[in-house]
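As structure tokens, the structure follows; a few thoughts come after it.
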Amino acid sequence: MSGVAFDPAWIVELYRRMVRIRAFEEKAAELYQKGALPGFLHSSVGQEAVPVGVCAWLERDDLITSTHRGHGHILAKGADPARMFLELYGSEEGYNRGKGGSMHIMDFSIGVLGANGIVGAGIPIAAGAGISLQNRGSDRVVACFFGDGAVTTGAFHEGVNMAAIWELPVVFVCENNQYAESTPHRTVDRAPDLTVRAQGYGIPGELVDGNDLFAVLEAAQRAVERARRGGGPTLLECRTYRWYGHYIGDPAVYRSDEEVASWKARDPLRRVAAWLLEQGALDEEGEARLRAEVEAEIEAAAEAGARGRRPAPESALEDVYAG
Amino acid sequence: MSGVAFDPAWIVELYRRMVRIRAFEEKAAELYQKGALPGFLHSSVGQEAVPVGVCAWLERDDLITSTHRGHGHILAKGADPARMFLELYGSEEGYNRGKGGSMHIMDFSIGVLGANGIVGAGIPIAAGAGISLQNRGSDRVVACFFGDGAVTTGAFHEGVNMAAIWELPVVFVCENNQYAESTPHRTVDRAPDLTVRAQGYGIPGELVDGNDLFAVLEAAQRAVERARRGGGPTLLECRTYRWYGHYIGDPAVYRSDEEVASWKARDPLRRVAAWLLEQGALDEEGEARLRAEVEAEIEAAAEAGARGRRPAPESALEDVYAG
Amino acid sequence: MPVRELTMREALREALAEEMERDPSVFLLGEDIQDPMGGSYKVTLGLSTRFGTRRVRNAPISEAAIVGAGVGAAVTGSRPVVEVMYVDFLEIAMDQLVSQAAKIRYMSGGQVAVPLTVRCQGGPGRSAGPQHSQLLEAWFAHVPGLKVVVPSTPRDGKALLKAAIRDPDPVVFFEPNVLYNSRGPVPDPGADEVAPLGKADVKRPGRDVTVVTYGAMVAMALEAAERLAREDGVEAEVIDLRTVSPWDRETVLASFRKTRALVVAHQAVRQGGMGAEIAATVYEEALDEVDVEIARVGARFAPTPFAPELERYVVPGVEEIVAAARATLERAGRAGLLARR
Amino acid sequence: MPVRELTMREALREALAEEMERDPSVFLLGEDIQDPMGGSYKVTLGLSTRFGTRRVRNAPISEAAIVGAGVGAAVTGSRPVVEVMYVDFLEIAMDQLVSQAAKIRYMSGGQVAVPLTVRCQGGPGRSAGPQHSQLLEAWFAHVPGLKVVVPSTPRDGKALLKAAIRDPDPVVFFEPNVLYNSRGPVPDPGADEVAPLGKADVKRPGRDVTVVTYGAMVAMALEAAERLAREDGVEAEVIDLRTVSPWDRETVLASFRKTRALVVAHQAVRQGGMGAEIAATVYEEALDEVDVEIARVGARFAPTPFAPELERYVVPGVEEIVAAARATLERAGRAGLLARR
Ligand SMILES: Cc1ncc(C[n+]2csc(CCOP(=O)(O)OP(=O)(O)O)c2C)c(N)n1
Ligand SMILES: Cc1ncc(C[n+]2csc(CCOP(=O)(O)OP(=O)(O)O)c2C)c(N)n1
Ligand SMILES: [Mg+2]
Ligand SMILES: [Mg+2]
């Protein structure tokens with residue numbers, strides 16, 4: 001674990017974001033298991049260091065694309081947990097007016113181009129956003145999140161290649177949590193890691209410990225800065241793990257308890273907390289207070305979600321066309 | 001130029017196949033320019049060493065998939081030029097009963113699974129044929145031909161990856177003739193060559209001089225044998241050049257006369273002929289006789305094509321379903 | 001013949017197992033279909049353990065290559081049954097399905113058959129949101145060379161899936177997700193029941209109005225028929241198309257000639273849906289003989305939204321079938337029938 | 001206003017150039033569209049030289065990413081005009097078109113617009129074979145969120161393409177290949193003519209029978225109308241839909257109420273084609289008022305074969321429109337009209 005060069009006060013803020021994601025996901029899972037939320041729910045508990053470490057370098061008007069497992073990315077980019085809960089409940093006041101749900105949360109006002117229910121689909125979309133930025137001479141960048149499962153899609157290949165040949169300002173962030181649903185990544189991909197694939201596209205690649213916020217911060221900083229100054233895309237593979245099954249309710253019979261335990265032992269939150277304690281940036285009481293604050297915030301957000309106005313049925317016919 | 005280990009008599013036979021492809025393509029171009037053939041025509045003149053060098057190692061019951069520029073592959077696999085011309089004319093007696101045309105010639109009796117009008121589409125099809133072979137424990141193999149343009153398709157990525165992870169008996173043969181229509185390959189692919197991509201799939205790759213029959217033979221032998229003995233797929237990149245434009249009639253304004261001339265100077269036929277003369281396997285008279293024989297054969301095939309029975313219009317409704 | 005009660009899921013699983021047992025060239029290919037997962041919806045549970053991981057292959061997320069490999073295997077002596085996890089994801093494999101599978105036999109001049117089955121589940125009703133709720137059978141009915149099958153009961157599910165696997169042509173086999181847990185009688189394995197493709201099934205006879213539908217909407221049509229009988233004394237005939245393309249014109253027209261009122265119902269989007277084709281055909285065939293009253297029931301013109309009340313507003317159900325049947329009879333001047341209400 | 005004679009190709013090129021001039025956020029993306037090639041069919045010739053290679057980008061053969069990049073650019077302030085070389089190749093990009101472009105605005109609850117234009121050419125008539133001749137507009141009409149435009153004249157081509165580019169929604173713009181060299185009057189550039197999307201155009205007025213069509217078949221319908229006038233004294237009204245989805249019911253119904261006989265014609269496959277939707281709608285709307293006679297003209301149920309005589313057998317043309325119009329009038333008991341033959 002590195003990180004000595006980082007300002008501890010800033011790391012406290014990043015830690016808060018990680019705690020916020022964890023708390024959001026745990027609350028959502030609780031509500032879902034109680035039957036309060038319709039549809040599906042994919043939890044990112046265990047993967048918090050990746051979105052927080054990458055989005056740490058993004059401004060409000062930088063952009064991200066996300067996935068079916070998108071709550072972490074979207075919160076890390078600065079979304080309002082209450083409007084997210086409202087959407088999970090299907091409320092008219094949710095981010096998507098109840099039309100999208102968990103898998104499609106979007107907030108264009110802060111550059112969240114969308115969670116996406118189609119594996120890999122965000123990758124060409126991120127490339128296209130990169131074209132917009134490049135054509136208007138902007139120094140904004142796009143962070144494109146996707147799972148290990150997306151790596152075998154045609155969309156990955158076409159999208160990354162397109163970004164590579166035109167040196168588009170995109171940071172491709174693979175969250176390799178080892179599984180696509182039940183399928184272990186090593187059974188569907190013989191490359192030792194994505195840096196080999198990056199070579200195939202003629203772009204830089206890095207293999208990163210995705211459970212180590214500092215490792216993610218360092219690699220993401222290089223990649224974001226490269227994209228910002230016109231140096232083109234980077235492919236980051238962040239190795240991590242999802243603590244829950246594929247969806248909330250998935251018994252995850254395809255993996256062993258030991259495997260899960262070994263990854264829980266490497267809890268990305270605990271690592272950062274330990275560093276902050278070590279640095280004296282937080283004491284135990286301060287850490288507990290931070291957690292309590294965030295939990296209260298999420299509790300309030302969830303309650304706001306539950307109280308949201310239900311959509312009028314006829315509103316289902318709105319927003320099909322803009323003109 | 002290597003090739004010393006090859007039996008000159010066999011090379012004479014392979015040379016004959018190269019000459020046959022050249023003669024077929026020249027005759028077809030002539031007829032097309034006269035307006036005798038409907039549809040489009042893509043010529044493989046200049047690329048003859050690749051299909052002949054690869055198919056040299058295939059038996060009748062080995063399989064190939066081909067492309068829009070497929071005459072060479074199909075002839076190299078042993079197809080009947082007369083039935084090919086019949087198809088180019090759209091005759092009922094053509095390989096496809098006049099329903100396919102140049103871009104879709106198939107001959108399942110000799111393992112030609114089809115030319116294909118969709119760039120990249122043959123690649124997953126070849127993988128699937130490989131599954132058939134693997135599942136029935138056959139030692140047959142599939143040679144999958146595609147152009148440099150196919151490398152940027154999602155189908156390439158998905159198909160090669162699938163063959164790689166299951167070690168399917170497929171030899172992937174990229175005929176890199178430098179252009180996809182007007183697009184220079186180097187402008188859409190930053191990889192120095194396909195061996196880098198092969199690494200990404202965890203399979204062997206070789207860069208081959210596609211205008212040198214012996215280089216193709218050597219690389220293809222390794223790849224075909226590997227596939228036959230269960231060693232899985234190989235990715236060959238054969239660098240070559242098409243002498244004509246993308247289609248017959250394309251003025252090919254996107255490339256220089258010098259470039260074309262430099263590649264014509266490396267005529268794959270002339271190289272083999274020189275070797276055969278050097279080895280004493282053919283003298284100049286014998287070479288001229290061989291050419292004359294093949295040209296007469298192709299002339300006869302073209303005439304047969306022109307005389308073919310026209311299809312009955314109602315036959316257009318046959319062959320939609322098998323049952 | 002002896003029957004048991006099975007769920008749709010179990011019935012489909014039996015069909016796969018029996019066909020794999022019968023014919024060693026049958027194999028399965030799809031995402032997450034191996035044990036212990038046994039498929040996202042558990043249809044293939046146990047099959048990789050029983051038949052091995054070469055005949056039940058866990059694919060990478062590569063829908064184009066999954067269907068494409070199915071095509072390549074089908075033209076080389078295998079009978080692949082490939083699984084695409086959601087109807088929506090077929091969009092990724094459309095080239096392989098439409099420009100390859102559907103056309104290879106034709107393009108080859110009849111040299112080869114393409115005995116490929118593409119299994120696929122989906123549809124609305126579970127708040128799965130716009131990208132996981134589409135029903136796209138109308139697209140495939142517009143493609144010569146494909147067959148399209150949608151079962152509505154466990155018994156049909158088994159017998160139709162067996163037929164699809166044995167069929168020499170590419171069949172897109174749509175499994176309505178909401179039916180996986182539905183139960184019904186299924187003949188014993190020994191019966192080897194195979195349903196003919198292209199034949200509709202009259203799921204309820206009736207004399208007053210014909211309801212043509214398929215898939216998840218068959219149960220709704222039967223419920224609607226019960227209500228019409230109870231509340232209006234109207235006897236609806238419910239026809240389950242089972243094969244959506246080529247569809248069984250004879251059965252539909254015969255029923256219509258009897259009832260002279262028709263409701264075509266599906267949960268797919270109304271505009272451009274199968275209802276348009278069926279309605280247009282019946283008008284064309286029957287208009288000169290009888291007064292024609294037809295109502296089309298289909299989803300309103302919007303993607304399928306997430307919130308349950310929105311989804312229910314867009315996607316039709318029992319209510320809409322009942323209302324359409326009544327409107328049809330009223331327009332036919334047979335409101336008298338309804339007077340019994 | 002002053003007009004010149006231009007080909008369809010030139011008219012489309014002018015539309016692109018004028019919109020790029022007008023709005024710096026418009027850019028082009030597609031295979032082989034840069035100079036010196038200027039597009040497989042030369043529509044974009046000169047544009048990369050004039051506007052630079054960032055605004056006219058030569059894409060790799062990556063249809064999914066071409067459309068996907070268009071989606072990403074469209075939701076971030078650009079107005080991309082992407083080109084997919086053949087209608088058939090849209091199959092590769094269906095996820096991006098149908099599950100992304102068409103649904104993002106909706107899924108977002110109206111946060112964003114998707115001003116994407118997907119240009120695409122194709123269709124039958126050139127012995128291009130089964131994989132390069134399809135017409136798939138009916139698929140897209142079944143997808144809420146998309147608009148579908150097909151021009152039939154140079155003037156419409158220019159004015160509709162400009163409208164498509166300015167439209168805030170994703171538009172699939174189908175250019176019939178056989179029309180690229182067709183000539184017609186086009187107003188001078190200064191006119192900045194923009195045709196409204198969703199409005200049909202009566203290309204020939206007539207009182208006896210209505211022919212609804214679009215694209216390459218408009219010229220055939222006009223020729224058919226001439227023949228009907230000459231040989232039968234029948235005056236056909238020819239309606240060019242121009243926008244296939246959402247289509248202009250008002251214009252079609254108004255014409256039908258006048259003529260009371262309708263032919264819906266397209267070269268796409270008849271089963272599941274737009275003709276089914278239009279015919280079913282007209283029956284539904286007009287059946288109670290007047291006797292309805294409708295004939296659907298569309299391709300027979302087979303892929304489009306290569307040999308010219310086979311292709312001509314499968315794909316309808318002038319003959320089939322004339323025959324359908326006559327049959328309609330005969331069935332309508334207005335054979336008297338035809339007696340003048
Ligand atoms: C194109 C496509 N195929 C299949 C699915 C079904 N599916 C949803 S998530 C998922 C696994 C994705 O794995 P990965 O990309 O590693 O992301 P993770 O779930 O691990 O975060 C699959 C197969 C889908 N949504 N889209
Ligand atoms: C998916 C797809 N996109 C585009 C085309 C149009 N097209 C036909 S051939 C071709 C170029 C192919 O280049 P390459 O693969 O290098 O083969 P070559 O023509 O050089 O033999 C293109 C773009 C197509 N047929 N299929
Ligand atoms: Mg994963
Ligand atoms: Mg090439």
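No experiment lies behind these values; they were computed from the predicted model shown. The sequence lines fix the lettering, A, B, ..., with proteins before strands; numbering per chain opens at 1.
Side-chain contact between D:I92 and B:I118 is present, with heavy atoms from C-beta onward closer than 4.5 Å. The closest side-chain heavy-atom distance from B:K99 to D:L310 is below 4.5 Å. Using a 4.5 Å heavy-atom cutoff, the side chains of B:P313 and D:R312 are not in contact. The shortest side-chain heavy-atom distance between B:V320 and D:P303 falls under the 4.5 Å cut-off.
Heavy atoms closer than 4.5 Å to chain B are found nowhere in D:A65, neither backbone nor side chain. Using a 4.5 Å cut-off between heavy atoms, D:F306 touches chain B through backbone and side chain atoms alike. Contact annotation for D:F301: both backbone and side-chain heavy atoms come within less than 4.5 Å of a heavy atom of chain B. The contact between B:A312 and chain D is made entirely by backbone atoms, counting heavy-atom distances below 4.5 Å.
Closest approach of B:M103 to D:A128, counting heavy atoms only: CE-O, 3.7 Å. Taking all atoms of both residues into account, the shortest heavy-atom contact from D:V314 to B:A316 is CG2-CB, 3.5 Å. Shortest non-hydrogen contact noted between B:G117 and D:Q131 is N-OE1, 2.7 Å. Pairing each heavy atom of B:A180 with each of D:D32, the nearest pair is O-OD1, 3.3 Å.
Remark: side-chain polar atoms of D:S62 are paired, donor with acceptor, to backbone N or O of B:T152 under 3.5 angstrom.
At a heavy-atom cut-off of under 4.5 Å, chain D is reached by B:V253, B:Y254 from residues 251-262 of chain B, listed in order of number.
Remark: the D:S40 side chain and the B:E181 side chain contain an N/O donor-acceptor pair separated by less than 3.5 Å.
Atom NE2 of B:H246 and atom CE of D:M37 lie 7.0 Å apart (nearest 0.5 Å). Atom CD in D:Q34 sits 8.0 Å away from atom OG1 in B:T183 (nearest 0.5 Å).
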